[in-house]
Structure formats: C-alpha cells, structure tokens
Amino acid sequence: AQSVTQLGSHVSVSEGALVLLRCNYSSSVPPYLFWYVQYPNQGLQLLLKYTSAATLVKGINGFEAEFKKSETSFHLTKPSAHMSDAAEYFCAVTKQGAQKLVFGQGTRLTINP
Amino acid sequence: GAVVSQHPSRVICKSGTSVKIECRSLDFQATTMFWYRQFPKKSLMLMATSNEGSKATYEQGVEKDKFLINHASLTLSTLTVTSAHPEDSSFYICSAPWRAGGHYNEQFFGPGTRLTVL
C-alpha cells in the first residue's frame, strides 16, 4: 500500500522568503510523486512530478522538489515566496502503470506581506 | 495539455432531490475517470473509479446506491447524488488520466462542483 504524509497543515512565510513544504511517502514499489496546487473553489493543477528520472524536479511558478529515496521524502521548495503562491498544496503518490493517486492531507500556504 | 470540464460549477438543491454532475474530457478520450469528494479544508477523498462501458468501482465506505456513476462514453462520466441531504454538501472533483508521453498517466482535474443541500 502507498501513503503520503504532509508535515504541517498550515505554513506561513513572508513574501520573498523561502517556501518549504514537506512530504514523506511510503511505498513498497518505486513511487511516482506529484505536487498539486489548489486555489479556492478550483480543481487541482499539477506543479511538478517525479517519475524515476532526475531526482531534482523543476516545476511551474518557480517551484522545485527533490526525491530522496533514503529519506522517503519529496519536499517542495521555492526560493522566494510571492503573494500569488498562497493556496493549498497537495502531495500525491502512485506507481508505474497505476492510475489512482493517493493524496496527502494538504498544506495551506499563507504569504505575509 | 488535456482539459477536463465539470458542470455545473455550483448547485444548490433541496433535501431529498437528486443532483447530476457531469465530467467531460474535452480533447482526449478517457476510459477511466475518478470522482473525489473534498470537505472544507480537507484533502481529496477518492469516492469511485468510473469505467467506460462497465460498472464503477467504489471505495470502501462509499454508498453506491447513493452516488450513482455512469460512464456512457469515452468523454463523459456523470455522478448523481440521489436523495441528497445536507451531509452530502461538499466539493466534488473529477479527474481523468491521460498518457502524455512516457510510461505514466498524468491526472487532469476538473474545476470542481460545489454542492449545497438545504
């Protein structure tokens, strides 16, 4: 079985500061990992994905994430937060050939001016 | 990229009525679609997998007679909430996988439907 744990249901940072959203996974097979962003009353938009290629993955809007097998982690970072980054972020896991996604609990990111 | 639409985006209904929500893949065919439910400030809970031309597969604890799913074509899946009650009020999101390239299916999500049952 696969699972995802996002540490911190709410993260608050100042505009211009580093953003770090934590995600740890559990999987008995090599995982595929995703980060999604959700703005209020909207669906999910893919930020970036890891599918067993490069362990450092760059996504949209300046976000990136690093797959660390030894730590079973896939933390999301952005060097400098922007007010428009305020949203809900979800980490998700699946496996090769599968279609179902297993989501973490989500982390609400707040940006302080 | 692939686009998934949902209709309606928002619906308010009286208790006891049924509500149908449509999920369409606009520029690709989807033999499988997924339906999620999201409570306020909570994560997405997978309700069921919609399979074109066959019965849907429901997750444990989801009432199949309450949440009827029909996947009649390769671009349309519908979720009908039957005899809706206030506790069914939620945000419902669908997704469809599309093999963009390579060896994995990327999920494309609809914009969601906000259901309020009075």
Side-chain angles (χ1 to χ4, degrees), chain A residues 1-11 21 23 25 27 29-54 57 59-60 67 86-110, chain B residues 1-11 21 23-26 30-52 57-60 90-116:
Chain A
Q2 297 178 300
S3 66
V4 171
T5 301
Q6 291 182 240
L7 299 176
S9 60
H10 188 197
V11 171
L21 304 183
C23 172
Y25 70 91
S27 179
V29 297
Y32 288 179
L33 294 156
F34 305 83
W35 275 100
Y36 289 89
V37 61
Q38 184 183 33
Y39 297 99
N41 294 311
Q42 294 186 27
L44 275 66
Q45 180 183 8
L46 181 66
L47 277 177
L48 49 78
K49 57 186 179 286
Y50 166 77
T51 56
S52 74
V57 181
I60 62 172
F67 172 71
E88 189 85 18
Y89 291 79
F90 293 96
C91 183
V93 65
T94 188
K95 58 185 179 181
Q96 183 177 352
Q99 295 182 336
K100 277 187 187 181
L101 286 171
V102 176
F103 284 92
Q105 305 92 316
T107 298
R108 179 168 298 274
L109 177 64
T110 301
Chain B
V3 179
V4 175
S5 70
Q6 279 184 246
H7 178 79
S9 58
R10 184 182 295 269
V11 57
I21 302 170
C23 177
R24 293 182 185 272
S25 56
L26 296 185
T31 57
T32 301
M33 291 184 178
F34 298 96
W35 285 98
Y36 296 86
R37 181 173 180 176
Q38 186 179 31
F39 291 100
K41 300 183 180 181
K42 296 291 185 182
S43 188
L44 280 73
M45 181 193 78
L46 180 64
M47 299 174 65
T49 302
S50 174
N51 303 300
E52 188 270 334
T57 305
Y58 290 82
E59 297 298 304
Q60 191 173 6
S90 193
F91 194 54
Y92 293 88
I93 303 175
C94 71
S95 73
W98 181 58
R99 190 177 293 274
H103 47 277
Y104 74 98
N105 293 291
E106 182 171 333
Q107 292 283 349
F108 289 88
F109 287 83
T113 297
R114 172 75 59 193
L115 170 63
T116 302

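In what follows, chains carry the letters A, B, and so on, assigned in the order in which the sequence lines appear, proteins first and then strands, with residues in each chain numbered from 1.
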[Y] side chain reached by [X] side chain, heavy atoms, under 4.5 Å:
{"X": "A:Leu44", "Y": "B:Tyr36", "value": "no"}
{"X": "B:Glu106", "Y": "A:Thr51", "value": "no"}
{"X": "A:Tyr36", "Y": "B:Gln107", "value": "yes"}

**Report entry** Contact origin within B:Thr113 toward chain A - heavy atom pairs under 4.5 Å
**Finding:** neither
**Report entry** B:Gln6, part contacting chain A, at a heavy-atom distance under 4.5 Å
**Finding:** neither
Interatomic distance, [X] atom [atom1] to [Y] atom [atom2] [nearest 0.5 angstrom]:
{"X": "A:Asn41", "Y": "B:Ser9", "atom1": "CG", "atom2": "OG", "result": "9.5 Å"}
{"X": "A:Leu46", "Y": "B:Phe108", "atom1": "CG", "atom2": "CZ", "result": "7.5 Å"}
{"X": "B:Lys42", "Y": "A:Gln105", "atom1": "NZ", "atom2": "CD", "result": "9.5 Å"}

Query - Over 12 foreign heavy atoms within 6.0 Å of NE2, A:His10 - result: yes
Query - Backbone N/O of A:Gly106 and side chain of B:Ser43: donor-acceptor pair under 3.5 Å - result: no
Report task. Mind checking salt bridge (Lys or Arg N to Asp or Glu O under 4.0 Å) for B:Arg37 and listing every partner two or more places apart, or none if nothing turns up? Result -> none
Query - Which portion of A:Gln45 sits near chain B, non-hydrogen atoms under 4.5 angstrom - result: neither
Query - Minimum heavy-atom distance between B:Phe91 and A:Gln38, given as atom pair plus value - result: CE2-NE2, 3.8 Å
Query - Listed once per pair and sorted, the salt bridge (Lys or Arg N to Asp or Glu O under 4.0 Å) pairs that draw on residues 91-105 of chain A, sequence neighbours left out - result: A:Lys100-B:Glu59
